[in-house]
Protein chains: 2
Amino acid sequence: MPLDYTNSVPLYIQLKDRIEEKVLHGTYTGKVPSERELMDEYYISRSTVRQAFDALTREGRLSKNREKELLSL
Amino acid sequence: MPLDYTNSVPLYIQLKDRIEEKVLHGTYTGKVPSERELMDEYYISRSTVRQAFDALTREGRLSKNREKELLSL
DNA sequence: AATAATTTGTCCGTATGTATA
DNA sequence: TTATACATACGGACAAATTAT
């Protein structure tokens, strides 16, 4: 389902939450999808995808190469 | 002549227009020039050249192998 | 046919400008 | 004014495909 543009929660936070959910549920077999794939799936810009990645990285939930690291979850 | 960096029209749109002009005037005998050639001619990055190609493709003016197709011009 | 060089496709890192809530 | 979001533009890296030798 698409992100909620009417929600006051920023899109990049919504995306961050979606990614965390899917990681927890093992939806992503190998890595988290590429920026391009997430852009296409959620109809958002690359910048916004990158903001979500930045947030995940800051929280230690995402490694440099975007393995599905479950650090401190 | 070089593209106009002071123009608010994006470089990739300016390039797209240049290519369309040259196609119309038969300047390109065989194919549209390679990415590298356009980079060197207009002093722009490869990404920008590719954006121009993407725009031309979206508008149905450029085929996969960049033949000078005059579709709907 | 086989190899080398070029071209293209894809992805990522970074920076800047604009618009808007 | 700041935070959010998007568009534009640069660059680099690498693999795959194409072309030249």
Side-chain angles (χ1 to χ4, degrees), chain A residues 1-23 26-71 73, chain B residues 1-23 26-71 73:
Chain A
M1 48 302 233
L3 302 180
D4 183 0
Y5 281 83
T6 71
N7 192 325
S8 64
V9 175
L11 293 180
Y12 77 94
I13 297 293
Q14 294 184 45
L15 175 58
K16 176 175 92 61
D17 292 343
R18 297 289 184 91
I19 293 173
E20 287 181 334
E21 285 176 20
K22 294 202 176 183
V23 167
T27 304
Y28 299 141
T29 58
K31 294 184 172 189
V32 171
S34 72
E35 294 174 357
R36 167 58 55 189
E37 288 168 322
L38 292 168
M39 288 167 65
D40 293 345
E41 179 175 358
Y42 294 105
Y43 301 99
I44 54 181
S45 74
R46 190 182 162 208
S47 314
T48 303
V49 174
R50 292 179 61 79
Q51 279 184 285
F53 282 171
D54 289 346
L56 286 166
T57 303
R58 277 197 303 275
E59 298 174 15
R61 283 170 165 69
L62 199 64
S63 66
K64 198 79 177 177
N65 55 353
R66 300 214 298 282
E67 306 281 346
K68 59 164 180 175
E69 302 201 356
L70 305 186
L71 308 179
L73 280 177
Chain B
M1 49 300 235
L3 302 180
D4 182 359
Y5 280 82
T6 71
N7 192 326
S8 65
V9 175
L11 295 180
Y12 77 94
I13 297 293
Q14 293 184 46
L15 176 57
K16 174 176 95 55
D17 293 342
R18 297 289 185 89
I19 293 173
E20 286 180 336
E21 285 175 18
K22 295 204 174 181
V23 168
T27 305
Y28 299 141
T29 58
K31 294 184 171 190
V32 171
S34 72
E35 293 174 359
R36 165 60 53 188
E37 288 169 320
L38 292 169
M39 289 167 64
D40 294 345
E41 179 175 359
Y42 294 105
Y43 302 96
I44 54 180
S45 73
R46 191 181 160 213
S47 316
T48 303
V49 174
R50 293 181 60 81
Q51 276 186 285
F53 283 170
D54 289 346
L56 286 166
T57 303
R58 277 197 302 276
E59 297 175 14
R61 283 169 166 69
L62 199 64
S63 67
K64 197 80 176 176
N65 55 354
R66 300 217 296 281
E67 306 281 346
K68 60 164 181 178
E69 301 202 355
L70 305 187
L71 308 178
L73 281 175

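Here is how names work: the chains are called A, B, and so on, in the same order as the sequence lines, proteins then strands, and each is numbered from 1.
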**Request:** Write down the distance between CD (B:Gln51) and P (C:dT8), rounded to a whole number of angstrom.
**Result:** 17 Å
**Euclidean distance, atom CE of residue B:Met39 to atom P of D:dG12 [Å, nearest integer]** = 9 Å
**Prompt:** Using a cut-off of 4.0 Å on non-hydrogen atoms, how would the nucleic acid contact of A:Ser47 be classed: base, sugar-phosphate, or nothing?
**Reply:** base
**Prompt:** Between B:Asp40 and B:Arg36, does at least one N-O distance fall below 4.0 Å, as a salt bridge requires?
**Reply:** yes
**Asked** Across all strands, who's sitting opposite D:dT1 as a Watson-Crick or G-U wobble pair, both distances under 3.5 Å?
**Response** none
**Message:** Donor-acceptor check, side chain of A:Gln14 to backbone of A:Asp4, threshold 3.5 angstrom: yes or no?
**Reply:** yes
**Message:** Is any side-chain heavy atom of A:Leu56 closer than 4.5 Å to one of A:Val32?
**Reply:** no
**Request:** Round to a whole Å and report the spacing from CG of A:Leu11 to P of D:dA7.
**Result:** 12 Å
**Complete:** In whole angstroms, the gap separating C1' of C:dT7 from CZ of B:Phe53 amounts to 11 Å
**Message:** Between B:Thr48 and D:dC10, is there a contact of a side-chain N or O with OP1 or OP2 at under 4.0 Å?
**Reply:** yes
**Message:** I want to check one thing: is the phosphate of C:dG13, taken as OP1 and OP2, less than 4.0 Å away from some side-chain N or O of A:Arg50?
**Reply:** yes
**Request:** Verify side-chain contact (heavy atoms from CB on, under 4.5 Å) between A:Arg18 and A:Leu3, making sure each step is shown before the conclusion.
**Result:** CA-CA 9 Å; A:Arg18 297 289 184 91; A:Leu3 302 180; 3.8 Å; yes
**Asked** Within the structure, does a side-chain N or O atom of B:Tyr5 lie under 4.0 Å from either OP1 or OP2 of D:dC10?
**Response** yes
**Message:** Expressed as a whole number of angstroms, how long is the span from A:Glu35:CD to D:dA5:P?
**Reply:** 16 Å
**Request:** Choose from D:dA9, C:dT7, D:dA5 the nucleotide whose nearest atom is closest to any side-chain atom of A:Pro10.
**Result:** D:dA5
**Message:** Distance criterion of 3.5 Å, no angle test: do you see the side chain of A:Arg46 paired donor-to-acceptor with the base of C:dG13?
**Reply:** yes
**Prompt:** Given D:dT8, is OP1 or OP2 found less than 4.0 Å from the side-chain N or O atoms of B:Tyr12?
**Reply:** yes
**Prompt:** Between B:Gln14 (CD) and D:dT8 (P), how many Å, whole number?
**Reply:** 12 Å
**Asked** A:Leu15 has an atom CG; how far is it from atom P of D:dC6, in whole Å?
**Response** 11 Å
**B:Phe53 and B:Leu38: CA distance, side-chain angles, deciding distance, side-chain contact (heavy atoms from CB on, under 4.5 Å) verdict** = CA-CA 11 Å; B:Phe53 283 170; B:Leu38 292 169; 3.5 Å; yes
**5′-ward residue of the pair B:Glu37/A:Arg36 relative to DNA chain C** = B:Glu37
**Prompt:** Nearest-Å distance, OH (B:Tyr43) to P (D:dG11)?
**Reply:** 13 Å
